Amino acid sequence: MRYRVINKNKEFLRVYGKGKAQVHPQVVVYVLKNRLGYTRVGFTATKKVGKAVKRNRARRVMRAALCQVMPYDVGSWDVILVARAQTPGLKSTQLEKTLRKLLTRAGLLEKES
RNA sequence: CGAGUGAAACAUACGGCGGCGGGGCGGCUUGUCCGCUCUGAGGAAAGUCCGGGCUUUUCAGAAGCAUGGUAACUGCUAACGGCAGCCGGGGGUGACCCCAGGGAUAGUGCAACAGAAAGAAACCGCCGCAUUUUUGCGGUAAGGAUGGAAAGGCGAGGUAAGAGCUCACCAGCGUUGUGGUGACACAGCGGCUAUGUAAACCCUACCUGAAGCAACCUCCGUAUGGGGCAUGGGGCCUUUGGUCCCGGCGGAGCUUCGCGCGCCCCGGAGAGGGCUUGAGCUUGCUGGCAACAGCAAGUCGAGAUAGAUCGUCGUUUAAUACAGAACCCGGCUUACGGUUCAGUCGUUUU
RNA sequence: UGGGGAUUUGUGUAAGGGUAGCACACCAGACUCUGACUCUGUUUGUGAGGGUUCGAAUCCUUCAUCCCCAA
């Protein structure tokens, strides 16, 4: 089992335009409901983050952190994580805390102790 | 010990747990699945500065012109602006390193300011003659001043004063001889020599069609998409023709039913190929100063498509720099970590 | 990923290898009781390194940054 992936530019633009954003210096999370019945995930790192090595690392860190925080299917949602300049320098354990906070605020995760 | 030079190999180790891309095998609940197993980034993958393969194109393959590029010589290479050796020049105490290094008597241009003068020169000065005694004519590149550069350098002879005018040595040019495949070096002789710039135009020799895998090829044919052509049916009239209407084809003329859409162009949601066995890599031998070539044996080492190598714990003195394949090779350039080896210089000790 | 272009003062732009200009802005002064307008003056620059040249914004080369084009 793994994440279903958003891979079309149209889909990204739809989520950016209509979805809700949760902003943090370490990462930005866009969330939007879909009608597919399952969860889709996208990871983005622009050229502002750095060159190829830094962008790849940013995507890896975001993917590893999301695996620890969110189960593979939480309902009909599209989720996009956008890396910021700090992201490639982080450990995934640091990013887990902020992701848990942001996803709870967005309503995808229930509050837990 | 310190400073510096050249070369080589390696470049996030090892183990546990979890996770990712690709191939193969197996399972059944046939799919966005599960299990096992093999494999999975670089020395620069980077910059895109050159050269090739490959593909398309209006065949450019032979010759010429234009444009752009290269530039000592000999070799190596598929080719190159690359590499090796060698020549010449330059830098460093040295190990060693650097050089777009053809032609300025083929021609044109430029050399600001300064300076008399920037090309075949007379401002001052020096000398001779004349003279109204402070000017005119002539000779002269030794001296002055300017400049990045001042008409081969320096010494002696010579002279009215001077001058390659003459001579020795040195530099440059031409020519002859010797050595070398050659660039060139050495020696002799000759006349006595017109600055720099060609990374200014240019001349000479050689090379060069253009674009790039988002190239290109194939499938599918969606909103029964848009346009054109062909052809058919019906009505009317001035009937070998004109005009209007209808339209995928067929049953049978509308409705309706069945089949599944005449040809060409545009549009293009999407899928696949191109895609990795190649001037390949490793080891040994032979030839060559070397670059490199040849032979033999062994070997297969990514192929993604929102784009795969990570997270965490432990061990060792410590796990770290620059940095991520995207069609593929050969170079160059730039970025960068510690390690090893071989030379050099300085200081100290023996 | 591939291809192309640009970089001159705070901003916009000129400049045949020979002192880097122009306009606006900023600052100072004058005019005014004060401000604006106007006038006068000053300051502020060739993206970085290396090379060719007597001398580079300009010529050559290696980098850096920014922009554009091609699904």
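All values reported here derive from a predicted model rather than from experimental measurement. We name chains A, B, ... by the order of the sequence lines, and we start the count at 1 in each one.
Taking the C1' atoms as reference points, B:U67 lies 13 Å from B:A210, given to the whole Å. Separating the P atom of C:G50 from that of B:C99 is a span of 16 Å, rounded to the nearest Å. A gap of 14 Å separates the P atoms of B:G338 and B:U320, to the nearest Å. Comparing the same atom, C1', in B:U204 and in C:A15 gives a spacing of 37 Å after rounding to whole Å. Comparing B:U286 with B:A318, their P atoms are spaced 49 Å from each other, to the whole Å. Atom P of B:A304 sits at a distance of 45 Å from the matching atom of B:A290, rounded to the whole Å. Distance check on atom C1': B:C49 versus B:G15 gives 47 Å, rounded to whole Å. Atom P of B:U238 sits at a distance of 47 Å from the matching atom of B:C259, rounded to the whole Å.
B:G190: glycosidic angle beyond 90° from 0, hence anti. Nucleotide B:G164 is shown with a syn base, its glycosidic torsion being within 90° of 0. In this structure B:G19 sits in the anti conformation; its chi angle is more than 90° from 0. Within 90° of 0 lies the glycosidic angle of B:A41, which makes this nucleotide syn. Annotated as anti: B:G103, whose O4'-C1'-N torsion sits more than 90° from 0.
The shortest distance between the side-chain N/O atoms of A:Arg63 and the OP1/OP2 oxygens of B:G307 is below 4.0 Å. Look at A:Arg60 and you won't find any side-chain N or O under 4.0 angstrom from OP1 or OP2 of B:C20.
Residues A:Arg63 and A:Phe43 are in side-chain contact: their nearest non-hydrogen atoms beyond the backbone lie under 4.5 Å apart. Taking the side chain as every heavy atom from C-beta outward, A:Val28 and A:His24 never approach each other to under 4.5 Å.
Atom NZ of A:Lys54 is separated from atom P of B:C310 by 17 Å (rounded to the nearest Å). A straight line from CG of A:Asp78 to C1' of B:A306 spans 14 Å, rounded to a whole angstrom. For A:Phe43 and B:U305, the CZ to P distance is 16 Å, given to the nearest whole Å. In this entry the distance linking CE of A:Met62 with C1' of B:G19 reads 17 Å, nearest Å.
Look at B:C189: its Watson-Crick or wobble partner, with both distances under 3.5 angstrom, is B:G174. Searching all strands for a Watson-Crick or G-U wobble partner of B:C129 with both distances below 3.5 Å returns B:G136. As the counterpart of B:G241, B:C237 is assigned, both hydrogen-bonding distances of the Watson-Crick or G-U wobble pattern falling under 3.5 Å. With both pairing distances under 3.5 Å, B:U317 is matched to nothing as a Watson-Crick or G-U wobble pair. B:G82 is paired with B:C76 under the Watson-Crick or G-U wobble criterion, all donor-acceptor distances under 3.5 Å. Judged by Watson-Crick or G-U wobble contacts below 3.5 Å, the nucleotide B:G311 has B:C17 as its partner. The partner of C:G12 is C:C22, by the rule that a Watson-Crick or G-U pair needs both atom distances under 3.5 Å. In this entry B:G209 has B:U57 as its Watson-Crick or G-U wobble partner, both defining distances falling under 3.5 Å.
Following chains of ILVMFWY side-chain contacts shorter than 4.5 Å, one can reach A:Ile80 starting from A:Val23, so the two form part of one hydrophobic cluster.
Heavy-atom nearest nucleotides on RNA chain B were determined for A:Glu96 and for A:Arg59, and the one closer to the 5' end corresponds to A:Arg59. Taking the nucleotide of RNA chain B with the nearest heavy atom to each of A:Thr44 and A:Ala64, the more 5' of the two is matched to A:Thr44.
Side-chain proximity of A:Asn56 to the nucleotides B:U309, B:A41, B:A323 is greatest for B:A41.
Screening A:Val41, A:Thr44, A:Leu95 against A:Met62 for a side-chain contact (heavy atoms from CB on, under 4.5 Å) leaves a single residue, A:Leu95. The only member of A:Leu66, A:Thr98, A:Leu102 that meets side-chain contact (heavy atoms from CB on, under 4.5 Å) when paired with A:Val29 is A:Leu102.
Evaluation of atom-type donor-acceptor distances gives no pair under 3.5 Å for the side chain of A:Arg55 against the base of B:G307.
If you check every strand for non-hydrogen atoms under 4.0 Å, A:Arg57 touches sugar and phosphate atoms only.
The two atoms that bring A:Val82 and A:Val27 nearest to each other are O-CG2, 3.4 Å, heavy atoms only.
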